[in-house]
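Order of the sequence lines fixes the chain letters, A, B, ..., with proteins taken first and strands second; residue numbering starts at 1 for each chain. Bear in mind that the values here come from a model prediction, so they are computed numbers and not experimental data.
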There are 2 protein chains.
Amino acid sequence: MADIHPEHTHIIEQTKANMPSEEILEKTAEVFKVFGDKTRIRILAALSEGEMCVCCLCDLLEMSQSAVSHQLSVLKAARLIKSRREGKQMYYSLDDAHIGAILCTGISHVEED
Amino acid sequence: MADIHPEHTHIIEQTKANMPSEEILEKTAEVFKVFGDKTRIRILAALSEGEMCVCCLCDLLEMSQSAVSHQLSVLKAARLIKSRREGKQMYYSLDDAHIGAILCTGISHVEED
DNA sequence: AAAACATATGAATAATTGTTCATATATTCA
DNA sequence: TGAATATATGAACAATTATTCATATGTTTT
């Protein structure tokens with residue numbers, strides 16, 4: 001690793017002081033990691049249109065029930081979605097407005113280019 | 001996979017019609033995947049305070065030059081950051097305002113809870 | 001209570017990925 | 001030009017992870 005030039009130490013200290021805590025950054029990375037999978041993004045995009053049951057998601061995404069359920073559990077553990085039971089079926093929806101906002105921002109970034 | 005109830009087919013078709021294309025969703029997942037790593041989030045958080053050279057990032061993050069450079073190249077390939085050379089040093093900065101916005105939204109989501 | 005239906009989950013496998021080590025490239029300075 | 005400095009990069013290894021298969025759990029219907 002290269003030596004630090006004296007005129008850089010100030011910038012480094014100041015940046016260090018202004019950055020969010022390691023804990024916040026770690027958690028933020030974990031949240032983005034959950035967004036960072038095609039299957040999960042497809043699920044989130046579907047749910048951003050409204051709540052949906054597992055079998056509908058399977059049909060819509062043309063994926064196995066097992067694969068969808070596994071990813072739903074990842075999304076739920078990260079609190080990106082919530083669930084509600086209605087008889088035999090489970091309905092999933094986005095957990096809060098933040099989730100839709102993050103998704104939209106990401107999609108916009110991709111679309112505008 | 002369970003059968004689809006007749007009353008669900010409408011919802012499925014409508015959701016399918018409203019969702020972004022597979023290509024957009026795939027690219028969006030790829031973007032979030034790049035955000036979904038602690039080292040890269042730390043780099044982005046540092047750069048959101050202003051441009052910085054590689055050796056400063058190494059010092060700030062207490063990581064090897066090789067590890068930092070590898071992640072910088074991932075960030076650059078995904079166009080999240082851009083670089084500029086000044087003599088022997090390379091200065092990196094966020095590519096555009098979107099990047100800072102996505103980062104901030106993610107951090108806010110983590111902080112507000 | 002048994003059968004049918006909808007969903008969840010453990011284990012295994014295949015694929016992806018982050019770091020390290022060694023080394024290459026590029027720029028400046030003597 | 002040669003040495004020193006700053007950064008980049010290929011290969012290898014370890015760790016993480018998404019899907020599949022088989023099966024378990026929970027709910028309704030007969």
A.B. asks: Could you tell me how far apart Q71(B) (CD) and dT16(C) (P) are, to the nearest whole angstrom?
C.D. replies: 17 Å
A.B. asks: Please answer whether the main-chain N or O of G87(A) pairs with a side-chain N or O of R85(A) as donor and acceptor at a distance below 3.5 Å.
C.D. replies: yes
A.B. asks: Please state whether the base of dT20(C) and the side chain of H70(B) form at least one donor-acceptor pair under 3.5 Å?
C.D. replies: yes
A.B. asks: Nearest whole angstrom, please: distance from the P of dC5(C) to the CG of D59(A).
C.D. replies: 17 Å
A.B. asks: Can you tell me if S64(B) touches the phosphate of dT20(C), counting only side-chain N or O atoms and a distance under 4.0 Å to OP1 or OP2?
C.D. replies: yes
A.B. asks: Below 4.0 angstrom, which residues in residues 29-41 of chain A have at least one non-hydrogen atom near DNA chain D?
C.D. replies: K33(A), D37(A), T39(A), R40(A)
A.B. asks: Going 5' to 3' along nucleotides 22-30 of chain C, which nucleotides have protein heavy atoms under 4.0 Å from the base (write B), which only from the sugar-phosphate (write S), and which from neither (write -)?
C.D. replies: B----BS--
A.B. asks: Measure across L61(B) and R42(B) and return the closest heavy-atom pair with its distance rounded to 0.1 Å.
C.D. replies: O-NH2, 3.3 Å
A.B. asks: Could you tell me whether the phosphate oxygens of dG26(D), OP1 or OP2, come under 4.0 Å of any side-chain nitrogen or oxygen in Q89(A)?
C.D. replies: no
A.B. asks: For M63(B) and dT7(D), give me the distance from atom CE to atom P, rounded to whole Å.
C.D. replies: 15 Å
A.B. asks: Measure the spacing between NE2 of H8(A) and CG of L60(B) and express it to the nearest 0.5 Å.
C.D. replies: 12.5 Å
A.B. asks: Let me confirm one number: the CD1-CG distance from I99(A) to L44(A), rounded to the nearest 0.5 Å.
C.D. replies: 7.5 Å
A.B. asks: F35(B) vs F32(A) aromatic rings, parallel, tilted or perpendicular, using cut-offs 30° and 60°?
C.D. replies: tilted
A.B. asks: Rounded to the nearest angstrom, tell me the gap between atom NZ in K76(A) and atom P in dT7(C).
C.D. replies: 13 Å
A.B. asks: Check the distance between dA6(C)'s C1' and R84(A)'s CZ and give it to me in whole angstrom.
C.D. replies: 15 Å
A.B. asks: How long is the gap from CZ on R40(B) to NE2 on H70(B), to the nearest 0.5 Å?
C.D. replies: 12.5 Å
A.B. asks: To the nearest 0.5 angstrom, please state how far the CG atom of L75(B) sits from the OG1 atom of T39(B).
C.D. replies: 10.0 Å
A.B. asks: Would you say dA6(D) has OP1 or OP2 under 4.0 Å from some side-chain N or O of Y91(B)?
C.D. replies: no
A.B. asks: What is the distance from CG of L72(A) to P of dT7(C), rounded to the nearest Å?
C.D. replies: 10 Å
A.B. asks: Grab the CG-C1' distance between L61(A) and dT20(D) for me, whole Å please.
C.D. replies: 17 Å
A.B. asks: Can you check the I81(B) CD1 to dT7(D) C1' distance for me, whole Å?
C.D. replies: 13 Å
A.B. asks: Treating Ile, Leu, Val, Met, Phe, Trp and Tyr as nodes and any side-chain heavy-atom pair under 4.5 angstrom as an edge, say whether Y91(A) and I12(B) lie in one connected cluster.
C.D. replies: no
A.B. asks: Which nucleotide in the list dT20(D), dT9(C), dA8(C) gets nearest to the side chain of S73(A)?
C.D. replies: dT9(C)
A.B. asks: Determine, stepwise, if the pair E13(A) / T9(A) fulfils side chain to side chain donor-acceptor pair (under 3.5 Å).
C.D. replies: CA-CA 6 Å; E13(A) 290 313 315; T9(A) 58; over 6 Å; no
